[in-house]
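Residues: numbered from 1 along the sequence shown.
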Amino acid sequence: MTQEHLTNNINQKSPIRVGLLGFGGLGQAAARILAAKREMILVAIADKHGYAYNPEGLDPDQCMAAYHHQGSVGYLEAGGILSHNSIEELISSAPVDGYFLALPNLPNTFMASVAQQFMASGWRGVLVDAMKRTSAVEQLLALKADLSAAGITYMTGCGATPGLLTAAAALAAQSYTEIHSVKITFGVGIANWEAYRATIREDIAHIPGYTVDRAMAMTDEEVAALLDRTEGKITLENMEHADDIMLELAGICPRDRVTVGGVVDTRNAKKPLSTNVQITGRTFEGKISTHTFTLGDETSMAANVCGPAFGYLKAGINLQQRGIYGLFTAAEIMPQFVK
């Protein structure tokens with residue numbers, strides 16, 4: 001896609017053409033969110049076994065039916081293609097303005113390798129991820145100059161945490177002359193862990209004694225057995241979460257002042273606790289205070305991840321139109337609401 005096309009696309013107010021890489025729990029939720037938007041249209045989806053493309057827009061229900069009943073959107077009658085190289089083939093064949101990378105970052109180098117695929121293909125546009133780990137974002141930082149040279153605007157850490165809560169912390173920090181701590185606590189409730197297999201495995205990788213490789217190698221039966229032992233709950237503390245490096249890069253505070261933890265209940269849709277971020281600091285008058293930003297308990301993980309991701313995608317398209325490329329985080333750029 002050329003810079004001229006992007007400029008024309010925005011000037012003519014035509015919908016932003018969006019693609020999804022990954023069609024698990026988050027990918028499917030993202031498709032449902034896009035169905036209600038006027039400013040964006042879902043035209044492309046890739047999963048492990050195939051991809052689907054329709055310039056007029058893909059029907060989320062049809063895509064989910066093909067995925068659930070046959071194992072891939074590649075079985076979609078109109079526009080579906082079965083492939084063992086679905087991402088590479090979709091990138092090269094489908095005109096798309098921006099992609100939401102709703103992919104599990106397993107192994108920990110996976111997202112950086114996907115970014116390299118996009119650069120190698122010559123594709124130009126906007127990429128958005130909802131990655132979690134600090135080390136994964138550091139790998140993307142090493143590609144910052146390459147992404148800029150390739151004409152790609154990459155928005156990283158743009159989910160809920162990192163993402164929505166990181167941005168809230170950056171904004172709340174403005175009340176203070178010094179930030180003492182940023183504490184993010186999340187509660188996630190899902191009725192059935194199998195709808196979010198990859199996300200749950202990423203969470204398991206944060207449990208003491210587990211690693212990304214170990215979590216990745218676990219069978220569904222082993223995951224189920226672990227959850228049986230914990231009554232379906234995963235309790236996490238002092239996680240390796242990219243909120244820390246994102247706030248450090250934004251000049252808010254050193255990363256060691258940022259802590260992230262929470263509880264994931266894999267057997268109940270109701271959140272086990274309210275998701276919030278607490279920002280404690282010293283004002284110019286010398287007073288110590290804490291701002292708290294709490295998410296509504298009724299908002300799901302999918303709503304708090306996918307909504308911000310598309311807001312950041314829209315912001316990234318704006319940057320692209322202005323000829324601004326490279327790597328940006330949720331703490332640097334304000335998302336734009338997608339109507």
Undergrad: Cation-pi check for Y99 against R17: NZ or CZ below 6.0 Å from the six-membered ring centre and within 45 degrees of the axis, yes or no?
TA: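 Output no; distance or angle outside limits.
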Undergrad: Scan residues 230-239 for pairs that pass salt bridge (Lys or Arg N to Asp or Glu O under 4.0 Å), counting only residues two or more places apart or in two chains.
TA: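 Of all non-adjacent pairs touching residues 230-239, those that pass salt bridge (Lys or Arg N to Asp or Glu O under 4.0 Å) are K233-D265.
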Undergrad: Evaluate R257 against E178 for salt bridge (Lys or Arg N to Asp or Glu O under 4.0 Å), listing each step before the verdict.
TA: CA-CA 11 Å; R257 297 185 187 181; E178 181 186 13; 3.7 Å; yes
Undergrad: From the options T294, D297, T292, select the one residue that forms a side chain to side chain donor-acceptor pair (under 3.5 Å) with S274.
TA: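 Testing each of T294, D297, T292 against S274, the sole residue satisfying side chain to side chain donor-acceptor pair (under 3.5 Å) is D297.
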Undergrad: Take atom CD of E77 as the centre, draw a 6.0 Å sphere, and report whether it contains more than 12 heavy atoms from other residues, nucleotides or ligands.
TA: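 It does not: E77 CD has 12 such atoms or fewer within range.
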Undergrad: Among pairs that include at least one residue of residues 69-96, which meet ring-ring contact (aromatic ring centres under 6.0 Å, His included), considering only residues two or more places apart or in two chains?
TA: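 Of all non-adjacent pairs touching residues 69-96, none passes ring-ring contact (aromatic ring centres under 6.0 Å, His included).
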Undergrad: Applying salt bridge (charged side-chain N to carboxylate O under 4.0 Å, His left out), name anything that partners K314, two or more places apart in sequence or on another chain.
TA: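 With neighbours one apart ignored, the set is E39.
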Undergrad: Measure up the H241 and H206 rings against each other and bin them: parallel (under 30°), tilted (30 to 60°), perpendicular (over 60°).
TA: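 Tilted, since the angle between the ring planes falls between 30° and 60°.
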Undergrad: Considering residues at least two apart in sequence or located in another chain, which fulfil the salt bridge (charged side-chain N to carboxylate O under 4.0 Å, His left out) criterion with E248?
TA: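 Salt bridge (charged side-chain N to carboxylate O under 4.0 Å, His left out) check on E248 returns R255.
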Undergrad: What pairs with R32 under salt bridge (charged side-chain N to carboxylate O under 4.0 Å, His left out), at least two apart in sequence or on another chain?
TA: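 None.
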Undergrad: Identify, with sequence neighbours excluded, every residue that meets salt bridge (charged side-chain N to carboxylate O under 4.0 Å, His left out) alongside D47.
TA: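 Not a single residue meets the salt bridge (charged side-chain N to carboxylate O under 4.0 Å, His left out) criterion with D47.
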Undergrad: Could you tell me whether K270 and E298 make a salt bridge, using a distance below 4.0 angstrom between a side-chain N and a carboxylate O?
TA: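 Salt bridge: no.
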Undergrad: Which pairs would a plain distance check flag for residues 332-339, meaning a side-chain donor or acceptor within less than 3.5 Å of a matching protein atom at least two apart in sequence or in another chain?
TA:
{"from": "E332", "atom 1": "OE1", "to": "T329", "atom 2": "N", "distance (Å)": "2.8"}
{"from": "E332", "atom 1": "OE1", "to": "T329", "atom 2": "OG1", "distance (Å)": "3.4"}

Undergrad: Check this for me: does any side-chain nitrogen of one of D243 and K183 sit under 4.0 Å from a carboxylate oxygen of the other?
TA: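 Answer for the salt bridge query: no.
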Undergrad: Which residues satisfy the side chain to side chain donor-acceptor pair (under 3.5 Å) test with T266, sequence neighbours excluded?
TA: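 For T266, no residue satisfies side chain to side chain donor-acceptor pair (under 3.5 Å) once neighbours in sequence are set aside.
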Undergrad: Quick one: list whatever passes side chain to side chain donor-acceptor pair (under 3.5 Å) with E202, sequence neighbours left out.
TA: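 Partners of E202 by the side chain to side chain donor-acceptor pair (under 3.5 Å) criterion come out as none, since no residue qualifies.
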Undergrad: Before you tell me yes or no, could you show the steps for T290 and I279 under side chain to side chain contact (heavy atoms under 4.5 Å, CB included), namely the whole-Å CA-CA distance, both residues' side-chain angles and the distance that decides it to 0.1 Å?
TA: CA-CA 5 Å; T290 298; I279 306 94; 6.0 Å; no
Undergrad: Does the side chain of E88 come under 3.5 Å of the side chain of S121 through a donor N or O and an acceptor N or O?
TA: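 No, S121 and E88 have no side-chain donor paired with an acceptor closer than 3.5 Å.
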Undergrad: Between R201 and D220, is there a salt bridge with N-O shorter than 4.0 Å?
TA: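 Looking at D220 and R201, the cut-off is met.
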Undergrad: In the hydrophobic clustering that connects Ile, Leu, Val, Met, Phe, Trp and Tyr at side-chain heavy-atom distances below 4.5 Å, which members other than V263 occupy its cluster, ordered by chain and number?
TA: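 Once heavy-atom contacts under 4.5 Å are chained together, V263 belongs with L273.
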Undergrad: Could you list the residues that satisfy side-chain contact (heavy atoms from CB on, under 4.5 Å) with T109, not counting sequence neighbours?
TA: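 side-chain contact (heavy atoms from CB on, under 4.5 Å) list for T109, sorted by chain: P107, Q139.
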Undergrad: Go through Y53 and S93 one step at a time and tell me if the side chain to side chain contact (heavy atoms under 4.5 Å, CB included) criterion holds.
TA: CA-CA 9 Å; Y53 172 70; S93 63; 5.9 Å; no
Undergrad: When clusters are formed from ILVMFWY side-chain contacts under 4.5 Å, directly or step by step, what else is grouped with I288?
TA: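 Reading the cluster by chain and number, I288 sits alone, since nothing else belongs.
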Undergrad: Classify the ring geometry of H291 against Y176: parallel below 30°, tilted from 30° to 60°, perpendicular beyond 60°.
TA: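 Rings of H291 and Y176: tilted, 30 to 60°.
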